[in-house]
2 protein chains.
Amino acid sequence: MQWLLTPGGCLYNSCPLFVELFRNTMKDSQKSLVLLRQIIRSTDMQEKEISRLIGLTLPQLILMQALREIGQMTPGELSKEVVLTQATVTSILDRLEKKKLILRERGSEDKRKVWISLTDEGIELMKGAPATRQELFVRHFEDMQPWEQSMIVASLERVAYMLNAQHLDAAPVLDIGQLDRASEDASE
Amino acid sequence: MQWLLTPGGCLYNSCPLFVELFRNTMKDSQKSLVLLRQIIRSTDMQEKEISRLIGLTLPQLILMQALREIGQMTPGELSKEVVLTQATVTSILDRLEKKKLILRERGSEDKRKVWISLTDEGIELMKGAPATRQELFVRHFEDMQPWEQSMIVASLERVAYMLNAQHLDAAPVLDIGQLDRASEDASE
DNA sequence: TGATTTAATTAGAATATCTAAGCATATAAC
DNA sequence: GTTATATGCTTAGATATTCTAATTAAATCA
């Protein structure tokens, strides 16, 4: 499979010729992939802007977000959540600890474990820009008709499921040789 | 705004209690945000796996993908496309050039510009896993009913629009041209 | 008890990422 | 035509990210 065109969000929105192409010649599956890229790119840009605003790097912000949203966690759980190795998480936590944004506490029950939580300072910091972003999204969202809201949730559920399903399907094919063969067919 | 809960994809799918919570007590806007996070996380994991398989780092893979999908570009265009500074792109390109995956050519018309393109070796490498992933998605997608496919495209368009709109001030700007200009400024 | 497993950290190295400064070319002003 | 300004890319220097492998400490198991 090949992309017909994969412009950034701006190009897609501003170029009438591309809009035409998009509407008429692309399959819905391809449209979905293009749109997903736009969505991810847009989110990425926003997160970078937020991290700049509150003076954290992007990985640091992501860890802070996870801690705020899920609550107290061990570095191991955190590393699974953000899809980084434990060693990487440890080094990012070191910097967040130095900034007094997180707290490390040895587990009392299982002394191998370390519980990470946000300090008051950390909670305060995270009250900043990110919430505003989400609020804006929510406001836009809630301006829509209920049927459209339901439609979007159903669609996102579908997409999320399909993306997860790819992990399942691909799992038995992690042998590189097989992957290569498959991609021979895949090209064009 | 606060998240009620933001579990990883697996937790959401496997924990009946959470499914219950999700269905009944969350607003659709919150559901959408949770689902978007799942989608982004899933995509991120997949990209990391792909980069590992073909022996590139994630930033390197992302540059290669952009070049494959859009074609010849200057470092400046590339940096806008992947939302990194030009200096960062230069340093990643250095490494890709050392691996003989990309080519640098001084512009003949405007000699300040440098045109980046994939070498044959680079094209060959990129025929690997990523296409397979997309194909899997497409296959799942095309198993659905046409009405459901259309619904998903419409929903993703909506979401993409709302995420872009966040770059604007609260002003309700429905003219797409203006939307674009504003989002250019927003990235600074 | 001794061996194995699990959780976190440390060590060491490559890469990524940014800002600021530098260099070469293009464009504009006069 | 020459000077000033702008543009496109690279370099320099600093910090942060990220990995694998080795280490330490605690729990588990046989």
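Residue numbers start from 1 in every chain, and the chains themselves are labelled A, B, ... in the order their sequence lines are given, proteins ahead of strands.
Taking 4.0 angstrom as the limit, B:Thr85 places a side-chain polar atom (N or O) nearer than this to OP1 or OP2 of C:dC18.
Across all strands shown, B:Leu58 has no heavy atoms under 4.0 Å from either base or sugar-phosphate atoms.
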Which atom pairs link the protein and nucleotides 3-5 of chain D when you take only N or O atoms and keep those under 3.5 Å?
none

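In this entry the distance linking CG of A:Leu84 with C1' of C:dA16 reads 14 Å, nearest Å. Atoms CD (B:Glu49) and C1' (D:dC19) sit 17 Å apart, rounded to a whole Å. As a whole-Å value, the separation of B:Ile102 CD1 from D:dC9 C1' is 13 Å. Whole-Å rounding puts the B:Gln60 CD to C:dA16 C1' distance at 10 Å. The distance from atom CD of B:Glu81 to atom P of D:dG8 is 17 Å, rounded to the nearest whole Å. Whole-Å rounding puts the B:Asp44 CG to D:dT18 C1' distance at 13 Å. The separation between B:Ile92 atom CD1 and D:dC9 atom P is 15 Å, rounded to whole Å. Separating the CD atom of A:Glu47 from the C1' atom of D:dT17 is a distance of 16 Å, rounded to the nearest angstrom.
Clustering of Ile, Leu, Val, Met, Phe, Trp and Tyr side chains at separations under 4.5 Å leaves B:Leu103 isolated, with no partner residue.
Under the rule for a salt bridge (charged side-chain N to carboxylate O under 4.0 Å, His left out), the partners of A:Lys48 that lie at least two apart in sequence or sit in another chain are A:Asp44. Checked against salt bridge (charged side-chain N to carboxylate O under 4.0 Å, His left out), A:Asp110 has the following partners two or more places apart in sequence or in another chain: A:Arg112. Every side chain to side chain contact (heavy atoms under 4.5 Å, CB included) that A:Glu142 has, sequence neighbours left out, goes to A:Val138, A:Gln149, B:Lys27, B:Ser29. B:Arg95 is linked by a salt bridge (charged side-chain N to carboxylate O under 4.0 Å, His left out) to nothing, counting only residues two or more places apart in sequence or in another chain. By the salt bridge (charged side-chain N to carboxylate O under 4.0 Å, His left out) test, A:Lys99 pairs with no residue at all, sequence neighbours left out.
Atoms CZ and CG, from B:Arg158 and A:Leu35 in turn, are 13.0 Å apart once rounded to the nearest 0.5 Å.
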Quiz: residues 70-80 of chain A side-chain donor-acceptor pairs under 3.5 angstrom, not counting sequence neighbours:
| from | atom 1 | to | atom 2 | distance (Å) |
| --- | --- | --- | --- | --- |
| A:Thr74 | OG1 | A:Glu77 | N | 3.2 |
| A:Glu77 | OE1 | A:Thr74 | N | 3.1 |
| A:Ser79 | OG | A:Gly76 | O | 2.8 |

Worksheet item: How does protein contact run along nucleotides 2-14 of chain C, one letter per nucleotide 5' to 3', with B for base contact, S for sugar-phosphate only, - for none, heavy atoms under 4.0 Å?
Response: ----BSBBB----
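Among B:Ile152, B:Ile39, B:Leu33, B:Asp28, the one residue that satisfies the side chain to side chain contact (heavy atoms under 4.5 Å, CB included) test with A:Leu156 is B:Ile39.
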